[in-house]
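Have a look at the structure below before the remarks.
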Amino acid sequence: MRLLVTGGAGFIGANFVHQTVTDRPDVRVTVLDKLTYAGNRASLAPVADRIEFVHGDVADPDLVNRLVSDADVVVHFAAESHNDNSLAHPMPFVQTNIVGTFTLLEAVRAHDVRYHHISTDEVYGDLEFDEPAFTADTPYNPSSPYSATKASSDLLVRAWVRSFGVRATISNCSNNYGPYQHVEKFIPRQITNLIDGVRPRLYGAGHQIRDWIHVDDHNRAVWAILDRGRIGQTYLIGADGERDNKAVVELLLREFGRAADDFDHVTDRPGHDLRYAIDASLLRDELGWRPHYSDFADGLAATVRWYRDNEQWWRPQKSITEAAYATAGEQVL
Ligand code: NAD
Ligand code: TDX
């Protein structure tokens with residue numbers, strides 16, 4: 001199989017490439033990545049001699065057309081992915097997430113190539129504490145520029161399946177954690193703060209709930225969909241990992257031997273979604289997928305060890321990222 005992976009130098013894409021190279025030696029992997037601030041060649045260093053890397057933009061039609069014509073399957077991870085950035089500068093989200101997906105869809109349509117679209121549970125908006133989890137039938141109701149552009153890209157995929165017969169599947173996954181995640185994101189930000197002796201920073205009261213899944217479990221689900229998924233179907237991916245943000249910070253503080261209240265409340269995110277939760281029963285029942293990481297505290301402890309052991313990977317981004325949060329007006333409450 002000739003597999004084109006977009007965004008393979010980012011967090012989830014890089015872990016997907018590692019997993020694929022290890023588990024599927026028969027697959028020939030090409031990565032297309034623009035190497036934005038979020039992309040890092042070092043994340044692919046352990047597999048560099050077993051893949052082809054192409055530095056380029058998913059919204060470049062000539063390049064995308066050439067690469068897709070030489071592929072059997074495309075898995076599209078590339079995106080602008082951070083909500084806070086989308087509030088400050090929405091334009092790159094429109095360009096990469098919407099125009100980039102459109103560009104790929106036109107290419108897979110022209111060459112009749114199988115396409116898998118990586119998306120997020122945030123397209124469904126947020127839930128009250130007592131509402132049932134999202135399913136594939138939940139109406140779209142995105143809140144942020146990021147989630148609105150991801151929702152737009154999902155709708156393009158659905159239309160290309162229905163109108164043009166493109167052979168596509170979509171997955172909407174909950175919050176991922178694990179190695180190689182950029183230090184702008186919640187868990188790596190707090191781990192690297194703690195390594196630096198800085199107090200974790202909780203937006204507002206910290207009562208918001210996310211449904212955490214280990215990145216390797218997400219990627220195993222993507223492979224289950226590629227192997228056995230139904231064309232045109234949307235699969236929700238989640239591992240029953242609901243925790244509020246304050247509880248996550250408390251677990252991390254325990255991991256570092258610090259007091260449970262040794263954190264700061266900082267300025268809340270505008271429009272901050274309250275709760276996400278995934279009903280993954282279709283994935284479990286139809287495709288037989290099960291998460292390997294069933295204990296969030298264990299997975300988190302392994303992630304802490306990875307950041308302790310790989311400081312050279314994250315250190316160059318840390319001060320730039322914290323300076324950006326300060327410039328955006330984040331303040332201790
Ligand atoms: P990330 O920001 O870590 O990585 C994104 C990658 O895409 C980077 O390597 C970047 O250089 C590349 N990229 C950005 N714009 C590009 C362009 N125009 N052309 C080519 N490459 C480009 O993101 P992530 O957290 O790994 O997320 C990957 C995908 O998974 C995204 O589609 C995201 O919406 C989705 N997702 C993420 C999560 C999560 O918790 N992180 C959860 C559900 C879904
Ligand atoms: O310093 C922080 N303090 C804090 O309390 C940061 C960076 C975040 N938070 C909160 C905001 C959220 O409630 O933690 C939660 C998680 O924040 P993020 O890591 O920014 O993730 P989120 O906004 O939930 O979106 C993530 O999951 C869905 C990914 O970034 C998206 O790409 C994915 O689609």
Side-chain angles (χ1 to χ4, degrees), residues 5-16 31-41 43-44 54-60 63-64 75-87 92-93 95-97 99-101 103-104 117-123 126 142-144 146-147 149-151 153-154 171-178 180-190 193 200-213 215 218-219 222 236-238 243-246 248-249 263-269 271-276 278 321-322 325 330:
V5 180
T6 73
F11 163 46
I12 306 175
N15 281 286
F16 180 79
V31 168
L32 169 61
D33 198 294
K34 191 180 174 183
L35 296 177
T36 68
Y37 79 96
N40 190 340
R41 282 296 292 265
S43 306
L44 292 170
V54 178
H55 182 197
D57 192 328
V58 289
D60 173 345
L63 175 61
V64 164
V75 182
H76 177 36
F77 290 94
E80 286 293 336
S81 69
H82 194 38
N83 275 300
D84 294 321
N85 293 344
S86 82
L87 296 164
F93 291 73
Q95 176 62 22
T96 287
N97 299 359
V99 179
T101 299
T103 306
L104 280 160
H117 186 71
I118 302 290
S119 192
T120 169
D121 57 1
E122 298 190 20
V123 299
D126 60 354
S143 313
S144 72
Y146 163 68
S147 51
T149 58
K150 291 297 292 187
S153 70
D154 292 11
S171 56
N172 297 83
C173 188
S174 59
N175 285 61
N176 285 220
Y177 71 97
Y180 299 108
Q181 188 170 27
H182 194 279
V183 292
E184 70 190 353
K185 301 295 193 322
F186 178 53
I187 287 179
R189 186 182 186 199
Q190 314 316 332
N193 277 350
R201 306 200 128 201
L202 209 46
Y203 289 173
H207 293 142
Q208 292 79 11
I209 291 176
R210 298 294 181 264
D211 191 351
W212 293 100
I213 182 172
V215 63
H218 178 178
N219 285 328
V222 172
L236 272 62
I237 306 175
R243 296 278 185 296
D244 74 27
N245 293 338
K246 186 158 163 288
V248 175
V249 161
F263 61 83
D264 287 322
H265 293 282
V266 298
T267 322
D268 207 352
R269 175 184 282 171
H272 197 169
D273 278 344
L274 181 62
R275 173 177 166 243
Y276 309 134
I278 290 279
T321 303
E322 290 303 320
Y325 276 120
E330 183 178 283

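Note that ligands are numbered from 1 as they come in the structure, with each ligand's atoms numbered from 1 the same way. Just so it is clear, the structure is predicted and the values come from calculations on it, not from any experiment. Note that these values count all heavy atoms, side chains included, but never hydrogens, waters or copies made by symmetry.
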Ligand-residue contact atoms, ligand 2 with [X], heavy atoms, under 4.0 Å:
X: Tyr325; answer: 7 (C)
X: Leu202; answer: 5 (O)
X: Glu184; answer: 7 (C)

Please say which of Thr101, Asp121, Val123 ends up in a side chain to side chain contact (heavy atoms under 4.5 Å, CB included) with Lys150. Val123
Out of the candidates Ile213, Ile278, Thr120, only one should pair with Ile237 under the side chain to side chain contact (heavy atoms under 4.5 Å, CB included) rule; please name it. Ile213
Do Glu330 and Arg189 pass the salt bridge (charged side-chain N to carboxylate O under 4.0 Å, His left out) test, and can you show the C-alpha distance, the side-chain angles, and the key distance before you say yes or no? CA-CA 14 Å; Glu330 183 178 283; Arg189 186 182 186 199; 2.8 Å; yes
Minimum non-hydrogen distance to [atom], winning option of [options]:
atom: atom 18 (P) of ligand 2; options: Arg189, Glu322, Arg269; answer: Arg269
atom: atom 3 (N) of ligand 2; options: Arg201, Lys150, Arg275, His82; answer: Arg201
atom: atom 8 (C) of ligand 2; options: Tyr276, Tyr177, Tyr203; answer: Tyr203

Contact between Thr6 and Leu104 at the side-chain level, heavy atoms closer than 4.5 Å - yes or no? yes
With heavy-atom distances below 4.5 Å as the criterion, would you say the side chains of Lys185 and Ser81 are in contact? yes
If the contact criterion is a heavy-atom separation under 4.0 Å, does Glu330 count as touching ligand 2? no
Measuring from the heavy atoms of His272, does anything fall under 4.0 Å of ligand 2? yes
Heavy-atom pairs closer than 4.0 Å: do any link ligand 2 to the side chain of Lys185, the backbone, both, or neither? both
Side chain of [X], backbone of [Y]: donor and acceptor closer than 3.5 Å?
X: Ser147; Y: Pro142; answer: no
X: Ser119; Y: Asn172; answer: no
X: His55; Y: Lys34; answer: yes

Among all protein heavy atoms, pick out the one at the shortest distance from [atom]; state its residue, atom name and that distance to 0.1 Å.
atom: atom 25 (O) of ligand 2; result: Glu122 OE2, 2.7 Å
atom: atom 34 (O) of ligand 2; result: Tyr146 OH, 2.6 Å
atom: atom 32 (O) of ligand 2; result: Ser81 O, 2.8 Å
atom: atom 19 (O) of ligand 2; result: Phe186 N, 2.9 Å
atom: atom 10 (C) of ligand 2; result: Asn245 ND2, 3.5 Å
atom: atom 26 (C) of ligand 2; result: Asn175 ND2, 3.4 Å

N or O contact, [X] vs ligand 2, cut-off under 3.5 Å:
X: Gln208; result: no
X: Asp84; result: no
X: Asn83; result: yes

Taking the six-membered ring of Tyr276, is the NZ or CZ of Arg210 close enough (under 6.0 Å from the centre) and on axis enough (within 45°)? yes
Checking Asn176 against His218: is there a side-chain donor and acceptor pair closer than 3.5 Å? yes
Would you mind listing each N/O atom of ligand 1 next to any protein N/O under 3.5 Å, plus the distance?
from	atom 1	to	atom 2	distance (Å)
ligand 1	2 (O)	Ser81	OG	2.7
ligand 1	3 (O)	Phe11	N	3.0
ligand 1	9 (O)	Gly10	N	2.9
ligand 1	9 (O)	Asp33	OD1	3.2
ligand 1	9 (O)	Asp33	OD2	2.6
ligand 1	11 (O)	Asp33	OD1	2.6
ligand 1	11 (O)	Leu35	N	3.4
ligand 1	11 (O)	Thr36	N	3.1
ligand 1	11 (O)	Thr36	OG1	3.2
ligand 1	18 (N)	Asp57	OD1	2.9
ligand 1	18 (N)	Thr96	OG1	3.0
ligand 1	19 (N)	Val58	N	3.0
ligand 1	21 (N)	Lys34	N	3.0
ligand 1	23 (O)	Ser81	OG	3.3
ligand 1	26 (O)	Phe11	N	3.3
ligand 1	26 (O)	Ile12	N	2.8
ligand 1	32 (O)	Phe77	O	3.0
ligand 1	32 (O)	Lys150	NZ	2.7
ligand 1	34 (O)	Tyr146	OH	2.6
ligand 1	34 (O)	Lys150	NZ	3.1
ligand 1	40 (O)	Asn176	N	2.9

Residues at least two apart in sequence or cross-chain that pass ring pair (Phe, Tyr, Trp, His ring centres under 6.0 Å) with Tyr325, listed by chain then number, are none
As a quick check of understanding, evaluate salt bridge (charged side-chain N to carboxylate O under 4.0 Å, His left out) for Arg275 and Asp126, giving each step before the final call. CA-CA 5 Å; Arg275 173 177 166 243; Asp126 60 354; over 6 Å; no
Answer with yes or no after comparing the ring centroid distance for Tyr37 and His182 against a 6.0 Å cut-off, counting only values under it. yes
Phe16 vs Phe77 aromatic rings, parallel, tilted or perpendicular, using cut-offs 30° and 60°? tilted
